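Computed from a predicted model, the values in this text were never measured in an experiment.
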Number of protein chains: 2
Amino acid sequence: MIDTLNERSQSIFEAIVEDYINTAEPVGSRAITKRHRFDLSPATVRNVMSDLEEMGLLVSPHTSAGRIPTEKGYQYYVESLLKVRDLPDEFRNRFETGAGFAGKSMENIMQEVGNMLSSISRHTGLVMAPRFQSTVFRQIEFVRLSQTRLLVIFVSESGLVQNKIIEPGIDFSRRDLESITRYLNQRLTGMTIAEVREKIALELREERNRYNQLEQQALELSGQALQEDIADQIYVAGTSYMLEQPEFNTNDSMVRIMRALESKQQLIDLLDCSQQAGGVQIFIGSQANRAHLDGCSLIAAPFSGKKGAIGTLGVIGPMRMNYSQVIPIVDFTATLVSRMLDRESQ
Amino acid sequence: MIDTLNERSQSIFEAIVEDYINTAEPVGSRAITKRHRFDLSPATVRNVMSDLEEMGLLVSPHTSAGRIPTEKGYQYYVESLLKVRDLPDEFRNRFETGAGFAGKSMENIMQEVGNMLSSISRHTGLVMAPRFQSTVFRQIEFVRLSQTRLLVIFVSESGLVQNKIIEPGIDFSRRDLESITRYLNQRLTGMTIAEVREKIALELREERNRYNQLEQQALELSGQALQEDIADQIYVAGTSYMLEQPEFNTNDSMVRIMRALESKQQLIDLLDCSQQAGGVQIFIGSQANRAHLDGCSLIAAPFSGKKGAIGTLGVIGPMRMNYSQVIPIVDFTATLVSRMLDRESQ
DNA sequence: ATTAGCACTCAGTAAGGGCGAGTGCTAATA
DNA sequence: TATTAGCACTCGCCCTTACTGAGTGCTAAT
């Protein structure tokens with residue numbers, strides 16, 4: 001149905017979408033003919049617009065206003081008409097000078113990446129940390145804090161470090177811990193945390209009937225250490241950009257948006273969707289509604305080191321978003337972060 | 001000057017402040033006589049109000065509106081008239097059931113505390129993590145990640161864990177690291193990180209002329225590990241409560257407030273002020289302006305384990321804030337967190 | 001010292017009118 | 001047949017005007 005759009009209709013539609021993206025005002029027929037030098041009269045453009053409205057690509061907010069793209073309109077625009085620009089060098093430079101990751105903690109890196117994304121795209125930036133569950137185990141270490149308390153440190157293949165304090169109930173000597181550490185490191189390397197956990201559960205059941213106390217203890221200890229989920233982390237940067245958008249300039253919508261951006265779990269769910277597929281993903285309008293963000297679009301891309309550790313980052317803004325600018329920003333950032341993670345993990 | 005306030009003026013002023021806190025509307029003379037059953041006519045109340053205005057405790061937004069407290073008015077109210085209520089049991093319970101800290105990371109704890117503060121006070125909650133600089137060193141550990149990369153773990157007396165990756169340039173064996181660890185742990189325990197750093201710098205200078213290679217290496221390693229500041233962390237929870245306040249219901253002020261709440265550094269500076277003094281501190285209006293938060297008040301209190309590790313938490317909202325409710329909430333939370341930190345550090 | 005009474009002020013709301021941007025339809029044109 | 005000029009019409013926006021009501025300050029009486 002949309003395929004029947006002839007070239008003229010297409011370029012008029014494109015002009016409307018782009019004008020609206022720039023001005024945030026409904027676009028009228030005369031404005032189009034003026035700004036774009038089609039050799040057409042406003043009346044002709046009106047006829048075309050009328051057709052586009054019938055197809056569900058445009059709506060007019062009221063009789064005497066111009067027209068604005070519908071959600072379906074944006075989707076069509078992004079899928080069929082969008083020409084993604086190259087990332088201007090100035091942005092590229094800002095990233096590369098700004099992002100020295102060496103020695104910084106994962107949290108700091110993520111915050112910094114979020115701030116970068118947000119300040120360059122001039123929209124709200126999101127960064128979701130790699131899920132610990134799906135990272136690949138490289139190393140475990142124990143540090144004795146006191147007689148009852150142990151610090152457990154996991155290191156993933158990609159250099160991600162997580163620590164946790166446990167109280168095992170037994171007072172392990174330094175020597176015991178060393179043996180346990182060696183035992184675990186030999187047996188668990190290369191599996192994802194999820195797999196490790198399964199394996200431990202399995203072996204614990206089998207092991208009960210045998211007598212190797214060391215193994216028994218090692219398994220119990222690591223079981224305890226991994227038993228609880230480490231909550232997913234998400235960073236949101238530049239929320240005020242969202243409030244500055246003219247489409248959200250009522251009190252109610254501002255509060256609504258802020259509430260949505262505060263409920264991290266919903267954002268996590270949303271970003272999760274895009275983690276499966278590789279490359280840049282675009283959620284327009286209701287496709288992003290999972291997070292109560294009506295009228296918003298999300299551009300997201302997963303990042304990952306060579307060895308697992310997948311996270312997601314993205315930019316969220318109004319549907320009227322400059323897709324051709326934002327998409328390459330997200331794309332480039334994801335690539336950059338992946339490269340950094342690789343470098344870190346050597 | 002304010003001391004000349006007689007009892008009647010005081011209670012009228014108190015009534016005005018409290019009515020305004022409840023309704024967010026300018027309070028008129030008739031409203032006062034109605035709601036509070038003073039045996040006075042509105043005219044009399046008007047005379048008193050006029051005096052109070054002259055003293056700078058009240059203003060009227062325009063001739064035909066009631067009056068609202070000035071910043072000075074709130075200050076006087078809080079200093080002289082405020083009766084702090086006991087914390088209702090329901091809040092107490094919500095805290096104590098909600099807050100099992102055991103085994104959780106500092107970040108998670110702080111986030112949870114922030115959420116608690118915010119949802120119970122119905123205002124924006126702030127939690128600033130203990131500054132690593134001022135925590136007391138208890139233990140350092142090294143974990144060998146690869147030939148070139150070491151993970152350094154600091155544990156503070158209060159159980160705070162920080163880690164950092166360094167690339168020392170030398171490939172230390174496990175045995176070397178153990179000796180170095182033992183050496184450092186013996187010599188540094190009980191000092192604050194800041195002191196530790198000074199000491200290392202000092203000894204490094206002296207040590208150059210001697211020949212004990214182990215000491216030399218140990219010092220260099222720990223020096224490198226401590227060289228960079230670990231950024232202060234602050235958590236902000238429930239920002240949408242701020243936007244729901246009627247005093248900030250214009251687009252501009254919403255954006256302004258959100259920008260202010262986003263610039264963490266300014267919030268940190270603000271909370272820093274309250275860290276010095278013990279107990280609950282109250283910043284009203286311009287006293288909190290350091291963070292571009294005009295028209296806001298901050299209630300803050302430091303928390304700390306027995307052994308250093310001082311952080312600050314608080315609640316931020318409009319000047320028209322229910323001080324008598326919020327103060328005990330902040331107070332109680334700070335005490336609770338301190339107690340938890342103590343328990344953790346054993 | 002307190003109060004009743006009264007004139008006055010002024011934000012907020014509602015109603016009316018003109019403006020202008022934009023539309024849809026129709027009839028003329030290439 | 002596609003395009004265009006012309007025209008009546010719609011409707012949000014803004015400005016003005018008028019009204020209302022809450023609240024004040026002042027004055028004179030109690």
For DNA chain D, what dot-bracket results from Watson-Crick or G-U pairs at under 3.5 Å, with [ ] for crossers and | for inter-strand partners? ||||||||||||||||||||||||||||||
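Remark: the backbone N or O of A/Gly56 is paired with a side-chain donor or acceptor of A/Thr70 at under 3.5 angstrom.
Side-chain contact between A/Glu53 and A/Leu57: absent, with no pair of heavy atoms (C-beta onward) separated by less than 4.5 Å. Using a 4.5 Å heavy-atom cutoff, the side chains of B/Leu267 and B/Leu293 are in contact.
Atom CD1 of B/Ile268 sits about 5.0 Å away from atom CD1 of B/Ile234, to the nearest 0.5 Å. In this structure, A/Thr239 OG1 and B/Glu262 CD are separated by 3.5 Å, a value rounded to the nearest 0.5 Å.
Shown here are the side chain to side chain contact (heavy atoms under 4.5 Å, CB included) partners of B/Ile327, two or more places apart in sequence or in another chain: B/Leu82, B/Val84, B/Val280, B/Ile282, B/Ile299, B/Tyr323. Remark: B/Arg46 engages B/Ser29, B/Pro42, B/Ala43 in a side chain to side chain contact (heavy atoms under 4.5 Å, CB included) (not counting sequence neighbours). B/Asp51 is linked by a side chain to side chain contact (heavy atoms under 4.5 Å, CB included) to nothing, counting only residues two or more places apart in sequence or in another chain.
A salt bridge links B/Glu14 with B/Lys83: the distance from a Lys NZ or Arg NE/NH1/NH2 to an Asp or Glu carboxylate oxygen falls below 4.0 Å. Remark: B/Glu244 engages A/Arg259 in a salt bridge, criterion side-chain N to carboxylate O under 4.0 Å.
Across the interface with DNA chain C, nearest-nucleotide mapping of B/Asn47 and A/Ser50 shows B/Asn47 to be the residue nearer the 5′ end.
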Set out, line by line, the N/O atom pairs under 3.5 Å between protein and nucleotides 18-22 of chain C.
from	atom 1	to	atom 2	distance (Å)
C/dG22	O4'	A/Ser64	O	3.4
C/dG22	O3'	A/Ala65	O	3.3

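Protein chain B contacts DNA chain D over a range whose 5' and 3' limits, counting nucleotides with an atom under 4.0 angstrom from a non-hydrogen atom, are D/dA22 to D/dG25.
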